[in-house]
Amino acid sequence: MNAQVIADIADDNPIRIEPLSAHIGAEISGVDLSRPLPQPQIDAIRAALLKWRVVFFREQFLSHEQQVAFSAQFGELTVGHPVFGHVEGHPQIYSIAKFRKATRFEGAPLLRPWTGWHTDVTAAVNPPFASILRGVTIPPYGGDTQWTNLVIAYEKLSAPLRAFVDGLRGVHRFAPPAGASGTGAFEQAVKDQPLVSEHPLVRVHPETGERALYVSPGFLKQIVGLAPRESQVLLELLWEHVTRPEFTVRFKWEPGSIAFWDNRSTAHLAPTDIFDLDFDRQLYRTTLVGDVPVGPDGKPSVAIQGSPVGAAAAVALN
Ligand code: SIN
């Protein structure tokens, strides 16, 4: 059987969408992201994003300006990062360098199977709805990124547990990992720009109506109303569940690769094996302004500290 799905947009510009696993991830080819896309291609990419949660492109050697212009076809861009800033001269670009000062810690944090998994900026009341990551300097081996599908994770819970988590909410905040040392830069950034929000544990996707287990392991600290031990045990069970390998896809980067993912239905894991290798790794990320999550009961998230993540100031595109 040919697993490749052909989206016949028009005879002269077909695009191909090739699924990479049962539940998440598809590679899209037949598009040139360095130029404005025809509307049917934008629609096809958006539909693939909703279906496959993360889509990948190869051999798209974009400049910062071209990455911004590509991203802007799918929504308004946020500032590079609301806490850690942006690339000088490029307010919408966030540098994902190998040795990011704010996120690389000395010492040995308490490692669990879900350590490092997160959904982008869920400490904000309106986390970016999508992220677009462009690979520039890529190690010859190592440095893969993984994503997981939070909708299938929700659907694969037992019915009684789904009913229980449907009514719960959790507090998300920026904080260094437990047990890590050398966290001064991170702590200072968080002190300057505190971000804490309460989100539903189950988020209704605003475009598809699907329910997602919205349990960003890196940010979610406490389930509201539960005793600390109850909260810890339930969160660990949910985090272990959402990172089950069959819900995930693993992407091997090349220079010119782009990953475009839906933060409303995924969590992802940045690699740590790169710190065991001498190779450099440099990627650049843009994020698109998101709405305020809503739970199955229709109740929206609330900000506890910090402002919503707004659009970055417009810059001239060419
Ligand atoms: C991210 O968490 O957005 C970066 C992922 C990566 O470095 O692969």
Side-chain angles (χ1 to χ4, degrees), residues 20 24-25 27 49 53-58 60 64 67-68 71 74 77-87 90 92-105 109 114-124 127-150 172 174-177 180 186 189 195 215-220 239 242-243 248-277 279-290 309:
L20 298 178
I24 182 167
E27 191 165 316
L49 180 71
R53 323 288 175 189
V54 53
V55 292
F56 305 106
F57 304 87
R58 298 280 188 193
Q60 306 285 338
H64 287 340
Q67 180 174 358
V68 168
S71 307
F74 295 90
L77 283 88
T78 69
V79 68
H81 194 288
V83 176
F84 302 131
H86 55 80
V87 172
H90 298 276
Q92 298 109 330
I93 302 267
Y94 177 47
S95 168
I96 308 270
K98 178 170 176 178
F99 295 106
R100 280 186 280 163
K101 278 271 180 304
T103 53
R104 173 82 182 122
F105 305 115
W114 51 84
T115 298
W117 283 90
H118 65 282
T119 301
D120 287 332
V121 202
T122 61
F129 93 77
S131 302
I132 296 165
L133 188 60
R134 167 171 62 106
V136 174
T137 305
I138 301 299
Y141 52 89
D144 301 355
T145 308
Q146 294 172 68
W147 285 262
T148 192
N149 178 343
L150 300 178
H172 297 234
F174 264 107
F186 194 123
L195 266 188
V215 293
S216 181
F219 294 108
L220 177 50
W239 290 333
V242 299
T243 54
T248 70
V249 67
R250 181 173 181 138
F251 185 62
K252 173 146 189 56
W253 292 92
E254 294 165 356
S257 300
I258 289 185
F260 182 2
W261 66 92
D262 185 343
N263 281 310
R264 301 164 300 188
S265 59
T266 62
H268 57 278
L269 177 66
T272 51
D273 62 350
I274 52 175
F275 302 112
D276 299 331
L277 298 167
F279 309 116
D280 199 5
R281 184 176 186 268
Q282 174 71 62
L283 302 91
Y284 293 98
R285 195 178 81 189
T286 49
T287 41
L288 301 177
V289 175
V309 183

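Order of appearance sets the numbers: ligands from 1, and atoms from 1 within every ligand.
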(Q) Please determine whether side-chain hydrogen bond (donor to acceptor under 3.5 Å, both in side chains) holds for the pair T137 and D280, giving the CA-CA distance in whole Å, both sets of side-chain angles, and the decisive distance to 0.1 Å. (A) CA-CA 7 Å; T137 305; D280 199 5; 5.3 Å; no
Q: Given side-chain hydrogen bond (donor to acceptor under 3.5 Å, both in side chains), test H118 with H268 step by step and report yes or no.
A: CA-CA 6 Å; H118 65 282; H268 57 278; 3.0 Å; yes
Q | Passing candidate, side-chain hydrogen bond (donor to acceptor under 3.5 Å, both in side chains) with S131, options T287, D120, T119 | A |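 In the set T287, D120, T119, the residue that makes a side-chain hydrogen bond (donor to acceptor under 3.5 Å, both in side chains) with S131 is D120.
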Q.
Between L283 and W253, is the side chain to side chain contact (heavy atoms under 4.5 Å, CB included) condition met? List the steps.
A. CA-CA 10 Å; L283 302 91; W253 292 92; 3.7 Å; yes
Q) Taking the six-membered ring for Trp, are F56 and W147 ring centroids under 6.0 Å apart? A)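 When the ring centroids of F56 and W147 are compared, they turn out to be within the sub-6.0 Å range.
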(Q) At less than 4.0 angstrom from any atom of ligand 1, which residues have a non-hydrogen atom? List them by chain and residue number. (A)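 Around ligand 1, where the cutoff is 4.0 Å for heavy atoms, the contacting residues are I96, H118, D120, L133, T145, W261, H268, A270, P271, R281, R285.
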Q: Kindly write out the residues that satisfy salt bridge (charged side-chain N to carboxylate O under 4.0 Å, His left out) with D144, not counting sequence neighbours, or none if the list is empty.
A: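 Listed in chain order: R250.
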